[in-house]
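Please read these numbers as outputs of a predicted model, since none were measured by experiment. Naming convention: chains lettered A, B, ... in sequence-line order (proteins, then strands); numbering from 1 in each chain.
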Number of protein chains: 2
Amino acid sequence: MSHGAVIETTTRAGRMPARDERSFGQALAVIQRVVAERNDRPSLVSRIACEIGAEIVEGLRAPGDDLNSVELSRRYRTSRTPIREALMLLEKEGLVDVPPRRRPRVAALAIDEVREIYRARAALFELIAADVARDASDADIASLRPLLERMELAYRHGDLNAYVWANVEFYDRNTQIANNRTIKRILDSLLLKTLRFRRLSLSQPGRMQKSYDDHIRLMRAYEDRDSNLAAALIRSNHINALASLEACLAPKTSSARQTSR
Amino acid sequence: MSHGAVIETTTRAGRMPARDERSFGQALAVIQRVVAERNDRPSLVSRIACEIGAEIVEGLRAPGDDLNSVELSRRYRTSRTPIREALMLLEKEGLVDVPPRRRPRVAALAIDEVREIYRARAALFELIAADVARDASDADIASLRPLLERMELAYRHGDLNAYVWANVEFYDRNTQIANNRTIKRILDSLLLKTLRFRRLSLSQPGRMQKSYDDHIRLMRAYEDRDSNLAAALIRSNHINALASLEACLAPKTSSARQTSR
DNA sequence: CGGCGGTTAAGTGTCGACATTAAGCCTTCG
DNA sequence: CGAAGGCTTAATGTCGACACTTAACCGCCG
């Protein structure tokens with residue numbers, strides 16, 4: 001890693017209580033989309049990868065936790081070969097570190113890496129948003145409405161989990177509409193890495209409101225076919241999200257330089 | 001894939017004669033950087049993955065070719081397990097397709113996907129170039145000069161291979177300077193996919209000249225600390241490269257819609 | 001003579017075992 | 001009393017084997 005401070009999510013804050021089954025199911029679905037992609041057949045390794053991945057995303061496994069392959073093979077009643085493959089799948093997605101000859105661990109994201117991820121996501125999503133505003137059919141843009149309404153509903157109920165997942169679906173629909181599978185894959189992969197922190201970022205006071213407002217304005221930009229504004233909104237939203245994340249992640253490391261790169 | 005026309009590179013044109021050892025070594029080095037990353041220990045699987053990957057990039061294995069794991073295990077005097085891992089590594093980099101229960105094959109890029117890749121690369125590289133122009137130290141920017149001179153030398157000699165690799169190194173140095181490992185990884189991965197076509201694109205008449213000119217101007221923009229210009233140059237260069245690639249890849253599929261989507 | 005169904009060969013997914021290596025523990029020495 | 005070094009344990013990397021699936025080949029029937 002050799003990056004700056006490493007982030008601890010669950011262990012310190014003790015945020016995730018046990019296992020919110022509904023949220024876990026959502027996480028599972030998202031990971032299935034990313035990991036299994038078009039693996040229609042529910043193969044053994046992808047099933048295992050999805051489940052372990054969901055556990056990581058849901059914070060049931062803390063960063064740095066060992067992922068003992070023999071223990072996992074016992075748990076899934078299988079041999080170690082599929083487990084190894086599953087862990088390497090998750091390594092590709094950045095959820096697991098598999099150092100040679102050492103035990104695989106849940107990947108610990110450094111704050112610097114989170115910054116990088118947000119910048120990359122912003123750059124690619126600007127492209128997506130501009131494409132949607134410019135080229136998408138009216139029907140496609142209209143199809144975003146229900147997702148926005150789900151976000152609104154969750155926001156009004158103050159339901160953090162529901163808001164996060166509605167938000168994820170909103171973005172997912174965007175990438176679908178833009179019809180750029182390459183960028184979609186990259187964004188999905190980056191999303192998976194940061195999913196662990198989404199809840200944290202959005203739980204900051206006022207953050208959910210701000211996020212929801214941003215998406216309302218984005219929707220309007222789409223409907224006005226204003227691709228420049230759409231891209232600018234995406235950029236602004238990502239900058240704000242990152243700032244709020246930094247605020248609640250590294251309140252102590254004030255010694256670190258403030259420059260955003 | 002379900003994309004549009006699939007591209008055949010080597011088989012039809014018969015471009016790569018046998019195995020240019022120097023170029024092959026360069027390919028191997030690049031793939032090692034991408035695949036092995038920080039795997040200091042030359043592990044068995046990464047060695048195999050690098051070699052097979054280099055063969056694909058160098059066009060020694062045509063898209064669609066079978067990658068029989070038992071045959072490969074014979075060739076590398078090993079069991080099938082490391083071969084499988086190596087192939088899945090290459091699948092992650094987009095060089096190999098591993099359909100479930102079917103033989104792995106050398107991935108065949110569709111023209112639509114190439115378009116997507118160029119757009120994604122352009123978006124991310126704009127970010128990198130802007131960062132370099134804005135934040136890099138004078139020494140870092142100066143370190144790009146020798147690489148540019150290598151490009152010039154290759155250009156003057158009309159040495160296509162040398163130019164391609166000098167170009168790759170120039171870009172690599174850029175990503176290093178920008179110090180964003182996340183984006184660097186993504187760009188490297190995208191690079192690997194398109195490396196097979198670089199030669200094709202640059203062999204178009206006048207293309208090498210144009211590319212070289214672009215890089216000269218980029219260098220000036222860096223030295224003038226003009227981040228907007230640097231980003232614009234990157235965008236322009238990628239658009240031109242893609243256009244030239246499309247021109248020589250799909251001369252027949254005139255029925256395909258021209259929109260760059 | 002061509003299309004279709006069964007048969008055979010080849011290849012993949014998974015398994016359990018073995019050699020090798022890293023981490024933990026205990027002993028011993030400074 | 002603390003630290004360094006060897007020993008023990010446990011986990012990984014690799015292997016060869018087996019069952020199942022796919023695909024190719026062949027004969028059969030229309």
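Here B:Arg103 pairs with B:Asp66 under the salt bridge (charged side-chain N to carboxylate O under 4.0 Å, His left out) rule; sequence neighbours left out. Residues that satisfy the side chain to side chain contact (heavy atoms under 4.5 Å, CB included) test with B:Leu127, not counting sequence neighbours, are A:Arg119, A:Ala123, B:Ile183. Listed by chain and residue number, B:His238 satisfy the side chain to side chain contact (heavy atoms under 4.5 Å, CB included) test with B:Ala122 (two or more places apart in sequence, or in another chain). The salt bridge (charged side-chain N to carboxylate O under 4.0 Å, His left out) search around B:Arg80 returns none, not counting sequence neighbours. A search for side chain to side chain contact (heavy atoms under 4.5 Å, CB included) contacts involving B:Ser23 returns B:Asp20, B:Glu58, B:Asn161, B:Trp165, B:Arg199, not counting sequence neighbours. Not counting sequence neighbours, the partners of A:Gln204 by the side chain to side chain contact (heavy atoms under 4.5 Å, CB included) test are A:Arg207, A:Ser244, A:Ala247, A:Cys248.
Atom CG of B:Asp66 and atom C1' of D:dA24 are 13 Å apart (whole Å). B:Ile48 places its CD1 atom 12 Å from the C1' atom of D:dG13, with the value rounded to the nearest Å. Atom C1' of nucleotide D:dA11 and atom CG of A:Asp65 are separated by 17 Å, given to the nearest angstrom. For the pair B:Asn68 CG and C:dG13 C1', the computed distance is 14 Å after rounding to whole Å. The interatomic distance linking A:Arg77 (CZ) with C:dT14 (C1') rounds to 17 Å, in whole Å. If you measure from atom CZ of B:Arg103 to atom P of C:dG13, you get 12 Å, rounded to the nearest angstrom.
In the set D:dC20, C:dT20, C:dT14, the nucleotide with an atom closest to the side chain of A:Val45 is C:dT14. Of the candidate nucleotides C:dT12, C:dA23, D:dA23, D:dA23 has the atom nearest to the side chain of B:Arg102.
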Could you list the protein-to-nucleotides 6-8 of chain C atom pairs, N/O on both sides, closer than 3.5 Å?
none

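Using a 4.0 Å cut-off between a side-chain N of Lys or Arg and a carboxylate O of Asp or Glu, B:Asp112 and A:Arg181 do not qualify as a salt bridge.
Each of B:Arg74 and A:Leu44 lies near DNA chain C, and the nucleotide nearest B:Arg74 is the one positioned closer to the 5' end.
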Derivation of the side-chain contact (heavy atoms from CB on, under 4.5 Å) call for A:Leu195 and A:Val168 = CA-CA 9 Å; A:Leu195 215 43; A:Val168 166; 3.9 Å; yes
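Heavy-atom distances under 4.0 Å link DNA chain D to A:Arg80, A:Arg84 of residues 78-90 of chain A, given in residue order.
Between the base of D:dT22 and the side chain of B:Arg101 there is no donor-acceptor pair shorter than 3.5 Å.
Identified under the ring-ring contact (aromatic ring centres under 6.0 Å, His included) test for residues 170-190 of chain B, with sequence neighbours left out: B:Phe125-B:Tyr171, B:Phe170-B:His215, B:Tyr171-B:His215.
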